[in-house]
Colleague: 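Can you read through this structure? Questions will come right after.
Counting starts at 1 for both ligands and their atoms, in listed order.
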Amino acid sequence: MDGIMRAAVFDGSDKLDVRNIPISKLISKEDVLLKVKVASICGTDLHILASKGLGGLVPTNTILGHEYVGEIIEVGSGINYLKIGDMVTVSNNIPCGYCDYCQKNLPNMCVNMRSIGVKENGGFAEYSIAPAKALYPIPKGLPIEVAVFAEPVSCVINALSKVKISPGAPVVILGAGPIGQIFVRLLRFMGVGKIIVSELSSYRTNLALKSGADRVLNPDKENIEEGVKAETGLGAELVVDAVGTLFGTALRLVCSGGTIILFGLARDFKGEGVISQTDIMLREITIKGSYISDYSFPVALRVLKQDPLKIEELISCRLEMSKINDGIELLRKGNAVKVIVYP
Ligand SMILES: [Zn+2]
Ligand SMILES: [Zn+2]
């Protein structure tokens, strides 16, 4: 399509540059052109800006935005199963399908991974091009503001698919940003017992209680370990680090025989350094890393359609894309959980 569109572009600084650029054209016959309806700002976008491009991974002048919903307005000639007018969400990490990891059915470990809105142009724009295989039509009747959560929900579903959780088990979630809140809501839906959250921001604390947490502890004001032991006795059967730097804390909160999910990404790409290997051995702790999603979009859309998560309660603010930097600022201060933008 010819013409000019507005897009929010990573220019190497810690703010997005909202500028006019030409609308991209379909190159591959497997590509689709979308008119973006809504997008949401992810913690990864904040990481990209804070780290000036994740150590060179994000090229300058890339349109960010990897959580978005669009309407198909043009379909490449090689695609016959999508049509103009379909409303779709985008699974932004696209495995190659032929590397050793893809062939071992570990698509999220793909060594040739494409990443829309991170390594190539994404959805903070009026129009976006995506390969058809990355698109998931959204179920009829599902509001676009709910469907836009498919990506973070699919990542949390991927994490939870790696662990065995018994009904009534006590769990701890470290960090009540968007991912922490989704963990709380999904675990509540799955029937765990006490959910204890650790969080500093009062805005996110209140929302965590609304999400279904039984108790939120503030690590600046109280001893988390004592608080968790008082609530659970032995400690939590499952601890999720949704921050990325709290492995040591997670080890102190998990009961023997329990499981830790490492989900958050540390800003320095290292996370906490000093870990007691002996403690892990003696107490038979299971540690699961979880990275992006793993063909979990269909489950995410199914859950969102059933609406047990009431996910739209996580939307703190809706903005026009020209004001996207205001949303980023709100998120940096912890005064928002999810900010959605309309191009
Ligand atoms: Zn995301
Ligand atoms: Zn691959």
Colleague: If we only look closer than 2.8 Å, how many protein N, O or S atoms does the Zn ion (ligand 1) have near it?
Modeller: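 Every protein N, O or S atom under 2.8 Å from the Zn ion (ligand 1) counted, the figure is 4.
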
Colleague: Under a 3.5 Å threshold, yes or no: a donor from one side chain and an acceptor from the other, between Glu199 and Thr205?
Modeller: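 Side chains of Glu199 and Thr205: no pair found under 3.5 Å.
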
Colleague: Any salt bridge between Lys35 and Glu126, counting N to O under 4.0 Å?
Modeller: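 No salt bridge links Lys35 with Glu126.
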
Colleague: With the Zn ion (ligand 2) at the centre, find the angle made by SG from Cys110 and SG from Cys99, to 10°.
Modeller: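 Here the angle at the metal atom is close to 110°, to 10°.
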
Colleague: How wide is the angle at the Zn ion (ligand 2) spanned by Cys96 SG and Cys102 SG, rounded to 10 degrees?
Modeller: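 Cys96 SG and Cys102 SG form an angle of 120° at the Zn ion (ligand 2).
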
Colleague: Under 6.0 Å between ring centres: does that hold for Phe124 and Tyr68?
Modeller: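 Aromatic pair excluded; centres sit 6.0 Å or further apart.
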
Colleague: With side-chain contact (heavy atoms from CB on, under 4.5 Å) as the test, pick out the partner of Val184 among Ile196, Val197, Leu209.
Modeller: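 Of Ile196, Val197, Leu209, side-chain contact (heavy atoms from CB on, under 4.5 Å) with Val184 is met by Val197 alone.
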
Colleague: Salt bridge or not between Arg252 and Glu225? Use side-chain N to carboxylate O under 4.0 Å.
Modeller: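 Yes, Arg252 and Glu225 are salt-bridged.
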
Colleague: Would you find a donor on one side and an acceptor on the other, under 3.5 Å apart, between the side chain of Arg185 and the backbone of Leu309?
Modeller: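 Flag set: sc Arg185 to bb Leu309 pair under 3.5 Å.
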
Colleague: Do any N or O atoms from the side chain of Asp17 and from the backbone of Asp11 form a donor-acceptor pair under 3.5 angstrom?
Modeller: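 No: the side chain of Asp17 does not pair with the backbone of Asp11.
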
